[in-house]
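Letters go in sequence order (proteins before strands), and every chain restarts at 1.
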Protein chains: 2
Amino acid sequence: MVRLREFDEEKVLQAAMRVFWEKGYEAASINDLTSAMAIQRPSLYLAFGDKKQLFETTLRKYTQWHAAGIRKKLESNSSVREAIRAYFEGLVDEAYDGEGSMGCFCINTMVELSPHDEKFEIITREHQMYLAVLFQETIERGIRSGELHQETNAKALAQSLVISLIGITVLLKSRPDRSFVDNAVEVSLSLL
Amino acid sequence: MVRLREFDEEKVLQAAMRVFWEKGYEAASINDLTSAMAIQRPSLYLAFGDKKQLFETTLRKYTQWHAAGIRKKLESNSSVREAIRAYFEGLVDEAYDGEGSMGCFCINTMVELSPHDEKFEIITREHQMYLAVLFQETIERGIRSGELHQETNAKALAQSLVISLIGITVLLKSRPDRSFVDNAVEVSLSLL
DNA sequence: TGCTTTTTGTACCTTTTAGTATATTATACT
DNA sequence: AGTATAATATACTAAAAGGTACAAAAAGCA
């Protein structure tokens, strides 16, 4: 029965994600969203619920996409050191190439919403924990292959890398001298 | 000549700072501010300019206060390792003692405003650079005293500590298991 | 073809937003 | 004491916010 959606749900959600990612939850207005999504206001409410629900949907999409991207990059290099180095250096390169990067939607949400909304506290925490597991598995692979010392504390090291990742991503927003970030990356990698 | 202010500028600025610190720039309304400051709306505009100007004033106050606090803590212990450890552990303790901590106003601003407003990009960048200098001076003191190796790269290490500080402060907003943060602190301190 | 059902577009609602006009009050100086 | 001056309080404005009512439109099925 009946009339079907005229828009591609996947595409409009991606447009909404981009708006929330760039502006944050509060600063993104419904008008910003409907413009970017190219749908009418009632269609938004009908298809995705209110602003908070739409935000949650886009954030969940983001965390899945983000985690998959990191996993792929970490698995793409047989050398664990090189894989992790490439990931960190890629982040930095992106930030200093032309227009700069957009940072991390999940980190933005941790700062803006997690302290005031338990739902987002949980979503963001679980994402960071998942990233830590990805790093840990990568480090354990390096231990098995003999690339890293047998006594390496994979879990603690992985958690420390997640902390560095967050710190770098946030600091990049203030556009510091590249050497600042390069040094920090080098020190972090020296732990491996 | 004439009628004098009925309010203590220092106190009301502190109240405003607290509002912006807790809620962020967008989510803090003028009503929130005037309530917390216990002044009337036109008094706010007359004394402090518009919302953005007031925000900037409170942020500058914050960075001064924050830097002075860190400096004092780092100088308060003759052992450099112990001073830095105490600082990081104090942060974590605060976050897990009862109601949790409020994070860092400057970091919040880096995430919310720096990407969209050059003025805040500069203020937040300079604050982080200043913190890095404070850590660097502390590390150099440790090198001079013989507590740290002569070959220690004080600058790079200090910058890495600032990155860790940011990462920990942000991650704490998602209330992760304490062991996560404890491990990351331990790894960071192992670099000293 | 016509009926049912869901999406769409227009227009609207209420509340809240940042910011201000104005009149009143209180003080310091003449 | 009276006057000039600045801060206060009340009340307001215009714009924008999030959200919705309702009628028109479109598609599957009888």
Side-chain angles (χ1 to χ4, degrees), chain A residues 1-60 105 108-109 112-113 116-120, chain B residues 1-60 105 108-109 112-113 116-120:
Chain A
M1 346 119 166
V2 314
R3 183 171 186 178
L4 255 202
R5 289 242 160 99
E6 290 179 5
F7 57 84
D8 176 353
E9 181 163 319
E10 187 66 23
K11 292 228 165 192
V12 303
L13 275 179
Q14 234 172 312
M17 181 178 93
R18 203 180 168 82
V19 172
F20 281 130
W21 187 355
E22 273 181 347
K23 314 188 71 157
Y25 177 76
E26 286 290 342
S29 72
I30 302 289
N31 283 343
D32 293 333
L33 291 163
T34 53
S35 297
M37 300 164 85
I39 64 175
Q40 301 297 331
R41 190 175 275 253
S43 299
L44 187 157
Y45 281 92
L46 185 67
F48 306 110
D50 67 12
K51 192 184 172 187
K52 264 265 164 72
Q53 289 176 274
L54 173 59
F55 184 90
E56 183 185 342
T57 302
T58 61
L59 178 62
R60 289 191 188 278
F105 185 20
N108 297 351
T109 303
E112 185 182 9
L113 298 185
H116 310 102
D117 190 324
E118 197 186 358
K119 173 172 278 168
F120 295 104
Chain B
M1 345 126 163
V2 315
R3 183 170 185 178
L4 256 203
R5 291 244 158 97
E6 289 179 4
F7 58 85
D8 175 353
E9 181 163 320
E10 186 66 23
K11 292 228 168 193
V12 303
L13 275 179
Q14 235 173 310
M17 180 178 93
R18 204 180 167 80
V19 171
F20 281 130
W21 187 356
E22 274 180 344
K23 314 187 73 155
Y25 176 75
E26 285 290 341
S29 72
I30 303 289
N31 282 343
D32 292 332
L33 291 163
T34 54
S35 298
M37 299 163 87
I39 65 176
Q40 300 298 329
R41 190 175 277 253
S43 299
L44 186 158
Y45 281 93
L46 185 67
F48 305 110
D50 67 11
K51 192 185 173 189
K52 263 264 164 73
Q53 289 177 273
L54 173 59
F55 184 89
E56 183 185 341
T57 303
T58 61
L59 178 62
R60 289 191 188 277
F105 184 20
N108 297 351
T109 303
E112 185 181 10
L113 299 184
H116 311 101
D117 189 324
E118 196 186 358
K119 173 172 278 167
F120 294 104

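Atom pair Leu46(B):CG and dA21(C):C1' shows a separation of 14 Å (rounding to whole Å applied). Atoms OH (Tyr45(B)) and C1' (dT8(D)) sit 16 Å apart, rounded to a whole Å. For the pair Gln53(B) CD and dA18(C) C1', the computed distance is 13 Å after rounding to whole Å. For the pair Arg5(A) CZ and dT5(C) P, the interatomic distance rounds to 18 Å; values are reported in whole Å.
The nearest pair of heavy atoms linking Leu54(A) to Leu13(A) is CD1-CD2, 3.7 Å.
For the side chain to side chain donor-acceptor pair (under 3.5 Å) test, residues two or more places apart in sequence or in another chain that qualify with Asp32(B) are Lys23(B), Ser29(B). In this view, Tyr25(A) and Phe55(A) satisfy the ring-ring contact (aromatic ring centres under 6.0 Å, His included) rule, not counting sequence neighbours. Looking at residues two or more places apart in sequence or on another chain, you find a side chain to side chain donor-acceptor pair (under 3.5 Å) between Glu56(B) and Arg60(B), Lys119(B). Qualifying salt bridge (Lys or Arg N to Asp or Glu O under 4.0 Å) partners for Glu26(A), counting only residues two or more places apart in sequence or in other chains: none. Every residue was checked against the salt bridge (Lys or Arg N to Asp or Glu O under 4.0 Å) condition with Glu118(A), not counting sequence neighbours, and none meets it.
Distances were taken from every side-chain heavy atom of Lys51(B) (C-beta onward) to each of dT7(C), dT8(D), dA18(C); the shortest belongs to dA18(C).
Residues from residues 23-44 of chain A placing a heavy atom under 4.0 Å of any atom in DNA chain D, listed by number, are Ala28(A), Ser29(A), Ile30(A), Asn31(A), Arg41(A), Pro42(A).
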